[in-house]
Amino acid sequence: MVVRVRVRNAETGATVDMELEMENTVEEIIEGVSAYWEKDPGAYVIRKGRRLLRGQQKVQELDIQSNEELELIPDPEGGKI
Amino acid sequence: MPQSIRPGERDDDRHDRTRRISWVDMEGVQRARVLVVGAGALGNEAVKDLMLFGFRKVDVLDMDTVVRSNLNRCVLFREGDQRSGRGKASLVAERARDLYPEAEVQAIEERVQSLGPVEMQGYDLILGCLDNVAARLHLNANSYHAGVPYVDGGTDGFRGRVQVVMPPLTPCLQCGMNRSHFKVMERRFSCTGQDTVFYRPKMAAEITTTSIIAAVQVREAVKIVSHRPVMEHVMHYDGLAGTSDILSLDIDQGCPNHPAV
């Protein structure tokens, strides 16, 4: 079974549609859209509504509806130097 | 005999206006022992806010010295500090005492890896003001095992995040990390064949986001010592859009910091 989602780039507002298998993980979504948008190397997370998704979670665990929107957010690392 | 008062005496109390916030436990604030890890941008702002709020027992850990490019966002550093050879922690502690002479602020000029759970158990809460994943993971794991609340902040340009970790009830930092974080960590360590070098990229940083993120960290610290509910669990701030969102996170059953879950 395939579910189609829309992923929004929080930094640019751009979106891309992705077709996901139930076995795909959140990490694979991050890597897929990061490569598509040629993102700078860095840490990213995915949100679904008010929830942050964990990297190892599979699509089948996420209760994702068809055409639902996810968002790719940079996870800031700095603050000391 | 009724208690007597005199005109203007409330204005002699440094904390009078804070005491007017009914839920703030000022005795808890003044009693709390706080560790601030990192005396750079977030650390400067956090210590400044802790002092003005009335925290009295603060230790500041950092082993770096000041460079001139720190001065665009570090309120407690001064022109010339970069030539003094003094450590950031020592300078922050000294200037914090200027802000609030009743406070006991101690500098610890060591690496974060020098702190284990035993050292952390002496604190009521820890503020993470760091700049890399490896140091965060160390602080996160050890504070979780010590049972000490940990409030982590991070910035990158106009973006920031704050996460509040309340062991053993909430997810920890590692629960929210994924392969992209570990790839970042791997890139920081480059092997020369003889030694491992820690590479620090120059990240975008400015004062407005720094001050907002540090202020949220200190406000969560005030809630913790006042026994108020804290944010659940992560705040993401986007300064360009002018938005912030509190996002919930689940405990990762596979996270090594949650063996009993």
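Because only heavy atoms are used, hydrogens play no part in the values below, and waters and symmetry mates are left out as well, while side chains stay in. Each chain gets a letter, A, B and so on, in the order the sequences are listed, and its residues count up from 1.
Counting heavy atoms from C-beta outward, B/Asn178 and A/Val26 have side chains that stay 4.5 Å or more apart. The closest side-chain heavy-atom distance from B/His236 to A/Val45 is below 4.5 Å. In this structure the side chain of A/Ile73 never reaches within 4.5 angstrom of the side chain of B/Asp238, judged on heavy atoms. Residues B/Gln253 and A/Arg54 have side chains not in contact (no heavy-atom distance under 4.5 Å, counting atoms from C-beta outward). Under the 4.5 Å side-chain criterion, counting only non-hydrogen atoms from C-beta, B/Asp245 is in contact with A/Arg50. B/Asp156 has its side chain out of reach of A/Glu77: every pair of non-hydrogen atoms, C-beta onward, lies at least 4.5 Å apart.
Most heavy-atom pairs under 4.5 Å with chain A: of the set B/Glu45, B/His181, B/Arg179, B/Met177, this distinction falls to B/Arg179. The residue among A/Asp75, A/Ile30, A/Thr25 with the most heavy atom pairs within less than 4.5 Å of chain B is A/Asp75. Of the listed residues (B/Thr210, B/Asn44, B/Val66, B/Val133), the greatest number of heavy-atom pairs within a distance under 4.5 Å of chain A belongs to B/Val133. Each of B/Gly157, B/Gly160, B/Ala135, B/Ala241 has some count of heavy-atom pairs under 4.5 Å with chain A, and the biggest count is that of B/Gly160. Of the listed residues A/Pro74, A/Pro76, A/Gly55, A/Ser34, the one with more heavy-atom pairs under 4.5 angstrom with chain B than any other is A/Pro76.
One finds the CG atom of B/Leu247 at 12.0 Å from the CD1 atom of A/Ile46 (value rounded to the nearest 0.5 Å). Distance CZ/B/Arg161 to CG/A/Leu52: 8.0 Å, rounded to 0.5 Å.
Proximity to chain A (any heavy atom under 4.5 Å) is restricted, for B/Ile246, to the backbone atoms N, CA, C and O. Only the side chain of A/Arg47 comes within contact range of chain B, with at least one heavy atom under 4.5 Å from a heavy atom of that chain. Both the backbone and the side chain of A/Glu11 have a heavy atom closer than 4.5 Å to some heavy atom of chain B.
Shown here for A/Gly42 and B/Ser180, the closest heavy-atom pair between the two residues is O-CB, 3.6 Å. Closest approach of A/Gly78 to B/Arg136, counting heavy atoms only: O-NH2, 3.6 Å.
Between A/Arg51 and B/Asp250 there is a salt bridge, since a side-chain N of the basic residue sits under 4.0 Å from a carboxylate O of the acidic one. Using a cutoff of 4.0 Å between basic side-chain nitrogens and carboxylate oxygens, A/Glu31 and B/Lys183 are scored as salt-bridged.
Applying the 6.0 Å contact sphere to CZ of B/Arg68 captures no more than 12 heavy atoms from other residues, nucleotides or ligands.
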